[in-house]
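Taking it in order: structure first as structure tokens, then the write-up.
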Amino acid sequence: MPELPEVETVVLILDEQIKGHQLLDHSVYWDKTIVNHQELLALHGQKVMRVSRRGKYILWQMETSNIVIHLRMEGKFYKLEKNAARNKHSHVIFHFDDFDLAFNDTRKFGRIEVSHDLDHYFSHKLGFEPWDEHLTKEYLRDKAKSRKVHLKTFLLDQSVIAGIGNIYADEICFKLKLSPFTRVHHIPLYKWEECIESTRQVLAEAIASGGTTVRSYTASLGITGRFQLQIHVYGRANQPCHTCNTALIKSVVGQRSTVYCPKCQKRI
DNA sequence: AAACGGTCCTGTAAGC
DNA sequence: TGCTTACAGGACCGTT
Ligand SMILES: [Zn+2]
């Protein structure tokens, strides 16, 4: 599923493909995909000024407002010839001046919403971006000291750091050499510095390779031939640890499947 | 305030 | 073989 690196890749491609183009209108085939229909209708005729990202959200800056898109599990965009046949999983089709752009989402979890005030929209949802200079070890320590949750749950909390999902949460715990079950209020200050470094390294590596799972999102937008990212733990239950050869363990943290090395990753 | 559990969805795979 | 059931999960919301 798309996490920050995948969304970043989609954003770069979308910016190249739709910036400067005029949104004529759109068709809706699954109502709940669109949060506020009237506001979206009001943007017909406007050009896309810029496509950007905040956390896992895709932002289309229009002339008078913003279209905010979350892909959730399986949302993806396909660029189509005008009036091409609709795929049964295309729930919204944006009709641009000289092409169509389909929002395809088998699980129907993705959401498209218009927001006039992004700062307000994200203020309670999202914490700092991974590369924000305000993301410091003191910030993480302070956020964690009143929390009893496991490290993995903390990393998945978008109001702490924005953009980490299930795949990279496991990878970050592995790089940090901490068990995903570590209680965050037990983690010392110096380890939070390492956490920031690990997070940035894991995400940067993933962005550099175009996102782990991004191939399916972008094939139709003209990107092919990307190599899969080297994944150390996610989806590798029972396989040998890349560091010590111990069999990796599959477990559940916060109702999410979790894989870790019982030897390399200790609880504090 | 923080934690928890249910909800939304459907394709895939396992099980009888 | 064909049917049923379990499972995957990001964000959100009501309850504890
Ligand atoms: Zn190991």
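Computed from heavy atoms alone, side chains included, the values below leave out hydrogens, waters and symmetry copies. Below, read A as the first sequence line, B as the second, and so on, with proteins coming before strands; counting in each chain starts at 1.
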Exercise. The side chain of A:Lys108 lies closest to which of these nucleotides: C:dG10, B:dT10, C:dA8?
Worked result: B:dT10

Exercise. Given that A:Ser146 and A:Gln255 both sit by DNA chain B, which one's nearest nucleotide is further toward the 5' end?
Worked result: A:Ser146

Problem set entry | Nucleotide B:dA1, atom P - distance to NE2 of A:His124 in whole Å | 12 Å

For this session: Would you indicate, yes or no, if B:dT10 has its OP1 or OP2 atom less than 4.0 angstrom from a side-chain nitrogen or oxygen of A:His89?
Result: no

Exercise. Is there a donor-acceptor contact under 3.5 Å linking the side chains of A:Tyr168 and A:Glu6?
Worked result: yes

Problem set entry | Of the listed nucleotides B:dA3, C:dA11, C:dG9, the one nearest the side chain of A:Arg72 | C:dA11

Problem set entry | Base of C:dA8 paired with side chain of A:Arg107 (donor-acceptor, under 3.5 Å) | yes

For this session: In whole angstrom, give the distance that lies between atom CZ of A:Arg147 and atom P of B:dC4.
Result: 10 Å

Exercise. With the threshold set at 4.0 Å, does a side-chain nitrogen-carboxylate oxygen contact exist between A:Arg54 and A:Glu129?
Worked result: yes

Exercise. Would you say A:Lys125 reaches C:dC12's phosphate, i.e. side-chain N/O to OP1/OP2 under 4.0 Å?
Worked result: yes

Exercise. Starting at NZ of A:Lys88 and ending at P of B:dC9, how long is that distance when rounded to a whole Å?
Worked result: 16 Å

Exercise. Rounded to whole angstrom units, what separation is found between the CZ atom of A:Phe154 and the P atom of B:dA2?
Worked result: 11 Å

Exercise. Does A:Arg147 make a cation-pi contact with A:Phe154, if we ask for NZ or CZ under 6.0 Å from the ring centre and within 45° of the axis?
Worked result: no

For this session: Measure from CZ on A:Phe109 to C1' on B:dT10 and round the result to the nearest Å.
Result: 8 Å

Problem set entry | Under-4.0 Å salt bridge between A:Glu194 and A:Lys177 | no

For this session: Indicate, with a heavy-atom threshold strictly under 4.0 Å, whether A:Tyr57 touches base, sugar-phosphate, or nothing.
Result: sugar-phosphate

Problem set entry | Heavy-atom donor-acceptor pair, A:Arg256 side-chain to C:dG10 base, under 3.5 Å | yes

Problem set entry | N/O (side chain, A:Lys56) to phosphate O (OP1/OP2, C:dG10) under 4.0 Å | no

